[in-house]
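Lettering follows sequence order; numbering is per chain, from 1.
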Number of protein chains: 2
Amino acid sequence: MAGCYGGMVANLTSAKPDELALAAFELFSTRGIAGVNMDAIAAGAGVTKGSLYWHYASKKEIILAACNLYYRAWRRQILEATESSDRPAEKLEAAVAFSVRSCLLDDANRVFTTEIVAMSLYDSEVRASWAGFLDETERFFLGLTHRAVGAGELRCDDVDRAVDLMLAAMEGIKQIALFRPQACLPENEQRTCRRLMSLLGERVSALA
Amino acid sequence: MAGCYGGMVANLTSAKPDELALAAFELFSTRGIAGVNMDAIAAGAGVTKGSLYWHYASKKEIILAACNLYYRAWRRQILEATESSDRPAEKLEAAVAFSVRSCLLDDANRVFTTEIVAMSLYDSEVRASWAGFLDETERFFLGLTHRAVGAGELRCDDVDRAVDLMLAAMEGIKQIALFRPQACLPENEQRTCRRLMSLLGERVSALA
DNA sequence: ATCCCGCCATACTGGGCAGTATTGAGCGTT
DNA sequence: AACGCTCAATACTGCCCAGTATGGCGGGAT
């Protein structure tokens, strides 16, 4: 077991593994996982392969660490995006807007997730990791949607199915945007958000 | 220029390149593009690398040939699936049903398309090839949907947008099905079809 | 018969890359 | 001051694999 720091240090001070994973993420997001070798990751982080292999035992470990970094960033950003609103339906709209923005406008996001999905085809650990993230995403949107419906701000018969369909549409839009750059134009962002929101049900106009 | 058959033979009789591309497709669909080397493709087709390289100059040529094979199969199958119906709305439903079935139940389809999408990130030729197929798919569904609306069998305000959203949802469902095997169960097939059809508009009940 | 050519097989090369072996520098401990 | 531990750098190995070189075989044309 390399890189365990003696076992007792709770990994709070040492950001080195995160630095390495971040360098890996940035390279993966631009040149793809297969297009990046361990020397490139090390160089990107300003070290050499020797120390890289001290922190991570294999390339797959770095890939999984980069995934975890991505998940953490997502959690932080989507909380930031939604915390400013107080009404549930507004939070939901903010969450959809954030997701659309990161789907359509963030190339790194698109590249990295596409790579991870492809890798999940053959690597069960990566697949399990990504499946966990999908579950988390779904729980998040389910929670927001149920709250919006419960607060009477949204009308939706089958929340679970609606959320699933909306998330599927989002993934599909992200994928198709690869081939239709014009779909990524900012002027289409609002319309895409409205379309996706309409999948979640009808907004009840605020007449309280 | 290898494999040009002297230039005048119209490639009607010789199915060998197709055989090779088919073997490649089958291997790609099970072990991934990166997981299949040229020797494996040759062995799968019952030849050796020497003759494989006589027909195709590089691995990418075989990949593109496998794509074209996939497109041809799709054309044939979706025409078969829709020709039995005569009313436009029924054709549309049949096309959606076929797509859902090949998305959810056909592992090879899922694996191959995921691989191609990932490869499109870095290879412009592959991306162009797949983009052409996406365009074709969209045109097909646009045609069917417009005809159904024109025949008064479907009510839809913005057909173009609706078709785009439906196709995106289909791609997303395909991708997510990788991580949610339970979504692929046959008993969910009908419901998925109905959900997707609802994205295209409201079916007008036949009271002619 | 022989010559050409489409087609196929065998053997090989060269490069890229994951992973390893080994050494060393800084530093706290005793 | 000698030791051990963490972390880092260099050099190397071994494998996989795309692509190549080259030789052979069968059949059609003359």
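Going from atom CD1 of B:I41 over to atom C1' of D:dC17 covers 12 Å, rounded to whole Å. Taking atom CH2 of B:W54 as the reference point, atom C1' of D:dG19 lies 17 Å away to the nearest angstrom. Atom P of nucleotide D:dC17 and atom CG of B:N37 are separated by 5 Å, given to the nearest angstrom. Following rounding to the nearest Å, B:I33 (CD1) and D:dC17 (P) show an atom-to-atom distance of 15 Å.
Residues that satisfy the ring-ring contact (aromatic ring centres under 6.0 Å, His included) test with B:F133, not counting sequence neighbours, are B:Y70, B:Y71, B:W74, B:W130. Partners of B:E61 under the salt bridge (Lys or Arg N to Asp or Glu O under 4.0 Å) rule, at least two apart in sequence or in another chain, do not exist in this structure. Partners of B:R180 by salt bridge (Lys or Arg N to Asp or Glu O under 4.0 Å), not counting sequence neighbours, listed by chain and number: A:D135, A:E138. Residues passing the salt bridge (Lys or Arg N to Asp or Glu O under 4.0 Å) test with B:E26: none are found, sequence neighbours excluded.
Listed by first and then second residue, the ring pair (Phe, Tyr, Trp, His ring centres under 6.0 Å) pairs that reach into residues 16-49 of chain A are A:F25-A:F112, sequence neighbours excluded.
A salt bridge links B:E136 with B:R75: the distance from a Lys NZ or Arg NE/NH1/NH2 to an Asp or Glu carboxylate oxygen falls below 4.0 Å.
A close approach under 4.0 Å does not occur between any side-chain nitrogen or oxygen of B:S51 and OP1 or OP2 of C:dC7. Taking side-chain N and O atoms only, A:H55 has no distance below 4.0 Å to OP1 or OP2 of D:dT6.
For B:T48, the side-chain atoms get nearest to C:dC8 when compared with the rest of D:dT6, D:dT10, C:dC8.
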Quiz item: Could you run down nucleotides 19-27 of chain C 5' to 3' and tag each one B, S or - for protein heavy-atom contact under 4.0 Å?
Solution: BB-------

